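Here it is, the structure in full.
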2 protein chains.
Amino acid sequence: MTADPCLPECGVARFLSLLEGPWATLIVRELLRGPHRFTELRDGLPGISPHTLTSRLRQFERHGIVIRTAYPEIPPRVEYRLTPLGEGLRDVLDAMAAWAVTVPDGESTVTA
Amino acid sequence: MTADPCLPECGVARFLSLLEGPWATLIVRELLRGPHRFTELRDGLPGISPHTLTSRLRQFERHGIVIRTAYPEIPPRVEYRLTPLGEGLRDVLDAMAAWAVTVPDGESTVTA
DNA sequence: CGGCATCCTACGAGATACTG
DNA sequence: CAGTATCTCGTAGGATGCCG
C-alpha cells in the first residue's frame with residue numbers, strides 16, 4: 001500500500017485504512033452489542049492479546065469510532081462505547097455476515 | 001488469530017478469513033466493474049506488485065470468488081471474472097463506501 | 001482491573017529479475 | 001502479455017512482565 005497520509009478518495013479504501021487488521025472488525029462486532037469493558041472484550045475475542053486489543057482500541061479512539069470512558073473507582077473500570085460514526089458500521093458488518101452465509105462450507109483450505 | 005482450519009461460525013469472521021489483506025478487497029472492487037485482464041487489474045491498482053496480485057487472485061480462485069480464463073492466443077490473454085459468489089460482495093463493498101462518506105476528513109493521522 | 005513496555009514472529013506486500 | 005522466483009521489509013499481532 002502507498003500509505004497515503006490522507007484518507008483515500010475511494011470509499012472502500014477509506015474503510016480499509018480505518019479497519020486495518022483482522023481483529024479490528026471483530027472488535028467492532030463486539031462493540032455493536034453494546035458498551036463493553038476491557039476484559040469483556042477480551043473474553044469475547046478468544047485469542048486476542050491485550051496488546052492488540054489496546055492497540056486497535058486506541059486507533060478507533062483517534063478515528064472517532066469509539067469513546068473511552070474511565071471511571072476513577074476502585075477497582076478501576078473502563079468502558080468502550082461506539083460513537084454514532086462507529087454505530088454506522090453495523091450496516092457493513094451486516095452485509096459481511098449476509099454474504100458469508102452464501103459461502104459454501106469446506107472449500108477453504110484444501111478442497112482435497 | 002487462532003488460524004482455524006475451517007471457516008469460522010461468525011459471518012463477519014468468515015468474510016475476514018477470505019478477504020485478508022488490504023489489497024484483496026480493492027481487487028474485488030475492480031472486478032465488480034466487470035471482467036479484467038491481468039494488466040488492467042494492475043493498472044487499476046496503483047502500487048500493487050504482480051506478486052501480490054497473483055497471490056490474491058489465486059486465493060480468490062481457490063475460494064470460488066473469481067474464475068480465471070486463459071485464452072491460448074498470441075499474445076496470451078487471461079481474463080478474471082467474478083463468480084456469482086464474488087458478485088455477492090457488491091453489497092458489502094457498497095456498505096463500506098456508504099459508511100466511508102460519513103467519516104469526517106482529516107481526522108486520520110495526526111489531528112494536530 | 002486495565003493497561004503499557006519490550007521483544008519476537010508471521011505474513012502480506014514491494015522490488016527486481018527472469019520465463020512461456 | 002501474464003506470470004513465477006527470490007529476497008527483503010513493514011506492520012499486525014503474540015508472549016511475557018510490570019505498573020497505577
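Every chain is numbered from 1 and lettered A, B, ... according to where its sequence line falls, protein lines coming before strand lines. These numbers come from the heavy atoms of this one structure, side chains and all, not from hydrogens, waters or symmetry mates. Note that the structure is a prediction, hence the values are computed from the model and not measured.
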### Message
Is it true that, when you exclude A/R68 itself, more than 12 heavy atoms of the residues, nucleotides or ligands shown sit nearer than 6.0 Å to its CZ?
### Response
yes
### Message
I want to check one thing: is the phosphate of D/dT4, taken as OP1 and OP2, less than 4.0 Å away from some side-chain N or O of B/R58?
### Response
yes
### Query
How long is the line joining CD1 of B/I74 and P of D/dA2, in whole Å?
12 Å
### Task
Have a look at B/Y80 and say if it touches a base, only the backbone sugar-phosphate, or nothing, with a 4.0 Å heavy-atom cut-off.
sugar-phosphate
### Task
Whole angstrom is fine here: how far is it from OH in B/Y71 over to C1' in D/dG3?
18 Å
#### Entry: Comparing B/E40 and A/I48 on DNA chain D - which has the more 5′ nearest nucleotide
B/E40
### Task
Please report, rounded to the nearest Å, how far the C1' atom of C/dC1 is from the NE2 atom of A/H36.
16 Å
### Task
Would you tell me if any nitrogen or oxygen in the side chain of A/R77 comes within less than 4.0 Å of OP1 or OP2 on C/dG2?
no
### Message
For the backbone of B/L18 and the side chain of B/Q59, can you confirm whether one donor and one acceptor N or O come within less than 3.5 Å of each other?
### Response
yes
### Summary
From CH2 of B/W23 across to P of D/dA12 the rounded distance in Å is 16 Å
### Message
So, OP1 or OP2 of D/dG3: does either fall under 4.0 Å of a side-chain N or O from B/R68?
### Response
yes
### Query
Contact class for A/S49 (heavy atom, under 4.0 Å): base, sugar-phosphate, or nothing?
base
### Query
Between A/R56 and D/dG13, is there a side-chain N or O to OP1/OP2 distance below 4.0 Å?
yes
### Message
Rounded to whole Å, how long is the line connecting atom CG of A/L16 with atom P of D/dA12?
### Response
13 Å
### Message
One thing to verify: whether A/R42 and A/E40 come together as a salt bridge, which I'm taking to mean a side-chain N less than 4.0 angstrom from a carboxylate O.
### Response
no
### Task
Send over the distance from A/L53 CG to C/dG2 C1', rounded to a whole Å.
10 Å
### Task
Take the protein atom NE2 of A/H51 and the nucleotide atom C1' of C/dA10, then report the distance between them rounded to whole Å.
14 Å
### Query
Given C/dA13, D/dG3, C/dG20, which nucleotide is nearest the side-chain atoms of B/V78?
D/dG3
### Phosphate-side-chain proximity, A/R37 and C/dG2, N/O vs OP1/OP2 below 4.0 Å
yes
### Query
Within less than 4.0 Å of OP1 or OP2 of D/dG14, is there a side-chain N or O belonging to A/T52?
yes
### Task
Send over the distance from A/L45 CG to D/dG14 P, rounded to a whole Å.
10 Å
### Query
Would a distance-only check, ignoring hydrogens and angles, find a side-chain to backbone donor-acceptor pair under 3.5 Å from A/T25 to A/P22?
no
### Query
Which class fits the ring pair A/Y80 and A/F38: parallel under 30°, tilted 30 to 60°, perpendicular over 60°?
tilted
### Message
Does A/T54 reach a base, just sugar-phosphate, or nothing at all? Heavy atoms under 4.0 Å.
### Response
sugar-phosphate
